[in-house]
Amino acid sequence: MLEGTVLAFDFGAKRIGVATGESRLGSAHPLTVIHAESNDQRMSAIGRLVAEWQPVLLVVGMPVHVDGTPHEMTKLAMKFGERLQKRFELPISYADERLTSLDAEARLRETGCNSRSAKPLLDAVAAQLILQTWFESPSHVIPA
């Protein structure tokens, strides 16, 4: 496994949650949420994060149905991962993101955030859970 900083993404049509972690420590932390309309704006924002954090790897959450079968967002997340790899020339890995948004919502509620105050944090916490799942996965790879 590569050692160093890892950035993880919870890809969405409107927002992209971002988390960071250190592979040696195996601990993930929410970082930010990217709100950008165009792919160029999204990639520019991600480029600034890549320049700042200097990751050795990028992890993309792989959305699938509860039974593990792919759906429309699965294809979009794969395409997003391919764009990241091409643009930043960094290794890409995928992590199962089933139920991470629900888990993130529950965790934020536990901290006293209501749904309105939690919304800006939700995607970043979901990205954190995606990265934590990746760190804890024995293979670190989810087949596409």
Side-chain angles (χ1 to χ4, degrees), residues 1-36 39 41-115 117-144:
M1 179 171 79
L2 295 171
E3 286 195 15
T5 300
V6 179
L7 288 180
F9 302 92
D10 178 29
F11 174 78
K14 295 182 181 177
R15 295 176 306 277
I16 300 172
V18 186
T20 186
E22 182 62 39
S23 61
R24 182 176 263 173
L25 300 174
S27 181
H29 307 281
L31 185 59
T32 190
V33 177
I34 297 171
H35 302 270
N39 283 331
Q41 291 172 320
R42 289 172 174 217
M43 287 297 156
S44 178
I46 293 168
R48 289 188 294 276
L49 292 173
V50 167
E52 178 181 350
W53 290 90
Q54 298 290 303
V56 296
L57 175 77
L58 304 176
V59 174
V60 176
M62 184 56 60
V64 291
H65 290 291
V66 175
D67 68 0
T69 59
H71 53 73
E72 189 58 34
M73 284 304 288
T74 310
K75 293 177 200 167
L76 294 175
M78 288 288 296
K79 194 172 187 176
F80 173 70
E82 290 165 8
R83 259 192 232 117
L84 289 174
Q85 198 283 321
K86 191 174 185 179
R87 172 118 181 213
F88 301 109
E89 298 179 350
L90 289 166
I92 303 291
S93 189
Y94 295 92
D96 190 337
E97 71 164 46
R98 278 180 274 189
L99 307 177
T100 54
S101 292
L102 292 173
D103 191 7
E105 221 171 86
R107 288 174 187 233
L108 287 168
R109 255 194 319 274
E110 287 172 9
T111 66
C113 292
N114 62 31
S115 59
S117 64
K119 196 156 183 74
L121 306 170
L122 186 61
D123 296 304
V125 173
Q128 173 192 11
L129 296 173
I130 288 166
L131 185 53
Q132 197 63 51
T133 297
W134 186 85
F135 282 142
E136 294 169 2
S137 167
S139 66
H140 291 300
V141 176
I142 301 298

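Model, not experiment: these values are computed from the prediction. Any value given below was found using the heavy atoms of this structure, including those in side chains, with hydrogens, waters and symmetry copies removed.
The two residues Gly81 and Tyr94 have their closest heavy-atom pair at CA-OH, 3.5 Å. In terms of heavy atoms, Ser23 sits closest to Val6 at CB-CG2, 4.2 Å. Minimum interatomic distance between Gly61 and Ala77 (heavy atoms only, all atoms of both residues): O-CB, 3.7 Å. The shortest heavy-atom contact between Phe9 and Ile130 is O-CD1, 4.0 Å.
Scanning for side-chain hydrogen bond (donor to acceptor under 3.5 Å, both in side chains) contacts around Thr74 gives an empty result, with sequence neighbours left out. Scanning for side-chain hydrogen bond (donor to acceptor under 3.5 Å, both in side chains) contacts around Arg87 gives an empty result, with sequence neighbours left out.
Considering only heavy atoms from C-beta on, Leu31 comes within 4.5 Å of Leu7 through its side chain. Side-chain contact between Glu22 and Glu3: absent, with no pair of heavy atoms (C-beta onward) separated by less than 4.5 Å. Looking at His71 and Pro63, their side chains come closer than 4.5 Å, going by heavy atoms from C-beta outward.
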For residues 41-59, run the donor-acceptor check on the side chains, cut-off 3.5 Å, and write out each pair with its distance to 0.1 Å, sequence neighbours left out.
{"from": "Gln41", "atom 1": "OE1", "to": "Glu37", "atom 2": "N", "distance (Å)": "3.2"}
{"from": "Gln41", "atom 1": "OE1", "to": "Ser38", "atom 2": "N", "distance (Å)": "3.1"}
{"from": "Gln41", "atom 1": "OE1", "to": "Ser38", "atom 2": "OG", "distance (Å)": "3.4"}
{"from": "Arg42", "atom 1": "NE", "to": "Ala36", "atom 2": "O", "distance (Å)": "3.3"}
{"from": "Arg42", "atom 1": "NH1", "to": "Gly12", "atom 2": "O", "distance (Å)": "3.1"}
{"from": "Arg42", "atom 1": "NH2", "to": "Gly12", "atom 2": "O", "distance (Å)": "3.2"}
{"from": "Arg42", "atom 1": "NH2", "to": "Ala13", "atom 2": "O", "distance (Å)": "2.5"}
{"from": "Ser44", "atom 1": "OG", "to": "Arg48", "atom 2": "NH1", "distance (Å)": "3.0"}
{"from": "Gln54", "atom 1": "NE2", "to": "Ala51", "atom 2": "O", "distance (Å)": "2.8"}

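Rounded to the nearest 0.5 Å, atoms OG (Ser93) and CD (Gln85) are 12.5 Å apart. The CD1 atom of Ile92 sits 12.0 Å away from the CZ atom of Arg83 when rounded to the nearest 0.5 Å. Here the CD1 atom belonging to Ile34 is positioned 10.5 Å from the CG atom belonging to Asp123, to the nearest 0.5 angstrom.
At distances below 3.5 Å, at least one donor-acceptor pair connects side-chain atoms of Thr133 with backbone N or O atoms of Leu129. A donor-acceptor pair under 3.5 Å is absent between the side-chain atoms of Gln128 and the main chain of Ala19, judged by distance alone. A donor-acceptor pair under 3.5 Å links the side-chain atoms of Gln132 to the main chain of Gly26, judged by distance alone.
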